[in-house]
Amino acid sequence: NQTDIGELYSGFVSNPMERSEASKIALHGVAGYTWNPKAYDPDADWKAAIREVMPGAPEAFETFCAHNSDLGPNGHGYRRKESVAFAPVADAFLKSLREERKADPSPVRSEMVKIGAAPAAIRKGSANPLLMDEIGPWLDAFEKLGAAGTSAVDALVALDSGDLQASWSRLSAAHTALDELAEIDRTRNRNPHQPGIRTATLVVNPLVRETVETVGSRLISKLSAR
């Protein structure tokens, strides 16, 4: 995002994705940058784009966009940072989990609840059915990931408190949500170039899966020791 190159170029070319409505967030940034590179503020422009594209549910849409900015593995190898504000919280949580230290899980659980609730709020607030058609599968996947994450954290809390039955129940709910997420990935968006539905791949998805795996392993150990 160099802001001092205006004198070096006579024009810019943008190559948005095939989903025209969802591309408007990126195109908003291109327009802001090319209009006045020296004054361009990518963070402010990104938030403005979200408000313009989803005025009926900007907070929920920002949650969705913040955790879905990376493209995932692709042919050209271009990747983006993702979950930037949440990443330090996720890192601290996973560090305590790996070191078997009790830590306050509420910041992680709060974000998981936001993730799980965002898709319904977006659908309710949207006045753009074309956009909903384009991102619908990713909204479905995002909702399942939030449900899995919430249940996984609850399973960990129950395990730490000694309530093995509640931990097992919440862990089972997390596995069910992850199975549903896998089914969405398997059956939706059969694009031959980049098939499937992947959501929150860099930070949230790995956190949820590691939490589920760790809680499951510890729970089995405790049940076996009875």
Side-chain angles (χ1 to χ4, degrees), residues 57-70 72 81-125 137-186 197-226:
E59 292 183 0
F61 198 49
E62 184 173 338
T63 295
F64 176 74
C65 293
H67 294 301
N68 286 282
S69 55
D70 180 53
K81 291 182 179 180
E82 187 172 86
S83 310
V84 175
F86 180 63
V89 176
D91 289 343
F93 176 80
L94 288 176
K95 187 174 188 294
S96 67
L97 188 69
R98 292 162 186 160
E99 295 175 354
E100 299 190 33
R101 291 186 290 104
K102 288 187 179 181
D104 180 10
S106 57
V108 171
R109 190 183 191 280
S110 177
E111 192 68 19
M112 295 301 161
V113 170
K114 281 176 58 180
I115 289 170
I122 291 168
R123 286 191 169 96
K124 183 178 180 181
W138 284 268
L139 291 176
D140 292 341
F142 199 57
E143 185 175 39
K144 297 301 181 184
L145 183 62
T150 303
S151 294
V153 174
D154 287 346
L156 176 64
V157 172
L159 181 64
D160 286 342
S161 69
D163 191 341
L164 303 189
Q165 183 174 353
S167 183
W168 184 271
S169 175
R170 301 314 300 152
L171 187 64
S172 296
H175 276 291
T176 297
L178 288 177
D179 287 344
E180 292 169 342
L181 176 59
E183 181 66 9
I184 293 170
D185 182 36
R186 187 182 68 82
I197 304 296
R198 294 166 185 84
T199 185
T201 55
L202 289 187
V203 176
V204 177
N205 205 310
L207 179 148
V208 172
R209 294 181 185 280
E210 183 170 343
T211 303
V212 167
E213 182 178 345
T214 301
V215 172
S217 177
R218 292 181 189 173
L219 182 58
I220 291 296
S221 295
K222 286 183 178 291
L223 290 172
S224 301
R226 279 186 162 188

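Judged by distance alone, with hydrogens and angles left aside, the side-chain atoms of Asp70 form no donor-acceptor pair with the main-chain N or O of Lys81 at under 3.5 Å. The main-chain N or O of Leu207 is found under 3.5 Å from a side-chain atom of Thr211 such that the two form a donor-acceptor pair. Judged purely by atom type and a 3.5 angstrom limit, Glu143 has no side-chain atom pairing as donor or acceptor with the backbone of Ala120.
The distance from atom OG of Ser167 to atom CG of Leu223, rounded to the nearest 0.5 Å, is 8.5 Å. In this structure, OG1 on Thr199 lies 13.0 Å from NZ on Lys144, to the nearest 0.5 angstrom. In this structure, the separation between CD on Glu82 and SG on Cys65 is 11.0 Å, given to the nearest 0.5 Å. Taking CG of Leu97 as the start and CD of Glu213 as the end, the distance is 10.0 Å to the nearest 0.5 Å. Atoms CZ and CG, on Phe61 and Asn68 in that order, are 9.5 Å from each other to the nearest 0.5 Å.
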Please tabulate, for the side chains in residues 172-179, all donor-acceptor contacts under 3.5 angstrom to protein atoms that are two or more places apart in sequence or on a different chain.
residue	atom	partner	partner atom	Å
Ser172	OG	Trp168	O	2.9
Thr176	OG1	Ser172	O	3.0

Name every donor-acceptor pair, under 3.5 Å, that has one atom in a side chain of residues 86-96 and the other anywhere in the protein, sequence neighbours excluded.
residue	atom	partner	partner atom	Å
Lys95	NZ	Glu99	OE2	2.9
Ser96	OG	Phe93	O	2.7

Name each donor-acceptor pair under 3.5 Å that joins a side chain in residues 150-162 to protein atoms two or more places apart or in another chain, with its distance.
residue	atom	partner	partner atom	Å
Thr150	OG1	Gly146	O	2.9
Ser151	OG	Ala147	O	3.2
Ser151	OG	Arg170	NH2	2.8
Asp154	OD1	Arg109	NE	2.6
Asp154	OD2	Arg109	NH2	3.2
Ser161	OG	Val157	O	3.4
Ser161	OG	Ala158	O	2.9

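Relative ring orientation between Phe142 and His67 is described as tilted, the plane-to-plane angle lying within the 30° to 60° band.
The shortest side-chain heavy-atom distance between Gln165 and Ser169 does not fall under the 4.5 Å cut-off.
In plain terms, the two heavy atoms of Pro137 and Ile184 that are nearest each other are O-CG2, 3.8 Å. The two residues Leu202 and Pro206 have their closest heavy-atom pair at O-CG, 3.7 Å.
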Test Met112 against Val208 for side chain to side chain contact (heavy atoms under 4.5 Å, CB included), laying out the working first. CA-CA 9 Å; Met112 295 301 161; Val208 172; 3.9 Å; yes

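Of the charged side-chain nitrogens involved, none lies within less than 4.0 Å of a carboxylate oxygen, so that Lys114 and Glu59 do not count as a salt-bridged pair.
Heavy atoms from other residues, nucleotides or ligands lying under 6.0 Å from CD of Glu183 number more than 12.
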